[in-house]
Amino acid sequence: MRDSLGNERAPGRDLVETGELVAGTMSRAVAGLLFAPEDSPLRLDERIASCLRDAATSAADLPLTWERARAGAVLAFVAELSVTRSSQGRAVRGDGFFSVSTASRSAAERLVEDVVQAARATTEERRVRHLGYLVAEVVVSPDVDVALAARALQLAESCSWRQLVFLAAVGRRDRAPLPVGALEDEPRSWRAWGAREDLTDLQQAGLLDPPLVASRPGAVRPRLRPADLRLTRRGVLVHRLLALDFVREDYVTAALADLELPPA
C-alpha cells in the first residue's frame, strides 16, 4: 500500500492506526486524514496535520505495543477535536505558534512532542483523550502562550484520572449540581478514603477551592461538601485546555460514588 505523501506506506500511519487499541476505529480515519488527505472526507489545517505527521513518524519505531497505541491515540485525539473546532468556526491561531523559532522547531511541534511523551508514560488510557485535546485547544487559543500550555500539561500530568473526573464534575456544577452530603473526615472504606484524598490533593495543588487551612488543636473543622467546591483559576485552566466538558457522565457518576457520601 502506498500513501500520497510518500512512495511507500508511511511508518507514522501504522503508528496512528495502532492507536485503535485506545481510541477505537477513529484512529484509522485520522491516519487516512493525515497520510492520504485527498481520500478523506475530513479536512484538517495543514499546519496541525504536519505537526501530527512529524510526531507520528518520530514515534514510529516505538517497540512496545501499548506505548505505541497511546502515542498513536493521542495524535488521533488531537486531530479529532481540531476537526470539531474547525467545524465550530474556531480559527487556528496565526500568531507564530507554528513558525520555526528555536532549533528549527516551532512551539506547536514542541507541544505535540511533550503531549506524546505524556501519553506514552501514562498507564491510565482514559487520560490520553484529554492530553490530545489539550493540543487541539491550544492551537485555537491565542490567549494561551507556550509557557501557559506547558504549565497546563504539567498540572494535568500530576492528576490521576479520577482527579481529572472530579475537576470535570466541579466544572459542570452549574448544569449538574454536586451532592450536598458532607464528606467524612475518616471514612470507613479504603475506597472512600482514597477518593477523599484525591480531593484533598486537588485542594493542596490549588486546583480546587476552598483551600485547605490548618486548624488549631481542638477546633471544630467545618465539614466539606462536594457542592461547596469551586475551580480555582488554575483549575479552570486545566478544565478548559483538557476539554473536561467531554468527560462522560458515567465516569463522573462513578467518581462521585467512590466518595460514599451519606444521604443529604
Side-chain angles (χ1 to χ4, degrees), residues 10-24 26-27 30-31 34-35 44 47-82 93 97-141 144-165 167 205 207 234 237-244 246-247:
R13 180 168 186 162
D14 289 334
L15 178 95
V16 177
E17 290 184 351
T18 304
E20 185 174 10
L21 291 171
V22 174
M26 180 267 294
S27 282
V30 170
L34 295 179
F35 292 96
L44 181 64
R47 291 169 292 178
I48 302 173
S50 178
C51 287
L52 301 184
R53 279 195 299 270
D54 289 347
T57 301
S58 296
D61 292 332
L62 290 174
L64 301 178
T65 299
W66 279 100
E67 194 172 348
R68 287 174 56 82
R70 290 190 291 268
V74 80
L75 297 174
F77 285 127
V78 176
E80 177 203 28
L81 189 58
S82 294
R93 59 198 296 167
F97 191 68
F98 292 91
S99 301
V100 173
S101 58
T102 303
S104 300
R105 299 168 70 226
S106 67
E109 290 170 315
R110 298 196 303 274
L111 178 61
V112 170
E113 180 182 351
D114 287 343
V115 164
V116 169
Q117 292 283 3
R120 288 172 53 189
T122 187
T123 56
E124 294 182 291
E125 275 79 26
R126 289 172 294 187
R127 298 172 74 244
V128 173
R129 174 188 300 272
H130 297 278
L131 293 172
Y133 285 177
L134 183 148
V135 176
E137 287 295 330
V138 171
V139 299
V140 295
S141 302
V144 178
D145 62 18
V146 178
L148 191 57
R151 175 177 290 274
L153 179 57
Q154 182 181 41
L155 289 169
E157 288 187 273
S158 72
C159 293
S160 68
W161 169 246
R162 185 165 60 185
Q163 287 176 318
L164 292 178
V165 176
L167 293 178
L207 292 164
R234 183 179 292 186
L237 176 70
V238 174
H239 187 279
R240 170 190 164 185
L241 293 189
L242 269 69
L244 294 180
F246 286 103
V247 171

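Side-chain atoms are counted along with the backbone in the values below, which use heavy atoms only and exclude waters and symmetry mates.
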Going by the rule side chain to side chain donor-acceptor pair (under 3.5 Å), which residues pair with [X] if we only count those two or more places apart in sequence or in a different chain?
X      : result
Glu109 : Ser106
Arg93  : Asp95
Glu157 : none

To the nearest 0.5 Å, what is the distance between [atom1] ([X]) and [atom2] ([Y])?
X      : Y      : atom1 : atom2 : answer
Leu237 : Leu148 : CG    : CG    : 5.0 Å
Leu134 : Glu137 : CG    : CD    : 8.5 Å
Arg110 : Cys51  : CZ    : SG    : 11.0 Å
Glu80  : Phe246 : CD    : CZ    : 8.0 Å
Asp14  : Phe35  : CG    : CZ    : 9.0 Å
Arg68  : Thr18  : CZ    : OG1   : 4.5 Å

Close side-chain approach of [X] to [Y], heavy-atom, < 4.5 Å:
X      : Y      : answer
Leu207 : Gln163 : no
Leu75  : Val112 : yes
Leu242 : Leu167 : no
Leu44  : Leu34  : yes
Val144 : Arg240 : yes
Phe97  : Arg47  : no
Phe98  : Val139 : yes
Arg120 : Leu64  : no

Can you tell me if [X] uses its side chain to pair, donor with acceptor, with the backbone of [Y] under 3.5 Å?
X      : Y      : answer
Arg127 : Ser160 : no
Arg151 : Arg234 : no
Arg70  : Val128 : no

Restricting to non-hydrogen atoms, name the atom on [X] and the atom on [Y] that form the minimum distance, rounded to 0.1 Å.
X      : Y      : value
Ser27  : Gly19  : OG-C, 3.2 Å
Val116 : Ala71  : CG1-CB, 4.0 Å
Ala149 : Val138 : CB-CG2, 4.0 Å
Ala136 : Val140 : O-CG2, 3.5 Å
Ala59  : Leu15  : O-CD1, 3.4 Å
Glu125 : Trp66  : OE2-CE3, 4.0 Å

Flag if over 12 foreign heavy atoms under 6.0 Å of CD, Glu124
yes
Verify side-chain contact (heavy atoms from CB on, under 4.5 Å) between Val115 and Leu153, making sure each step is shown before the conclusion.
CA-CA 8 Å; Val115 164; Leu153 179 57; 4.1 Å; yes
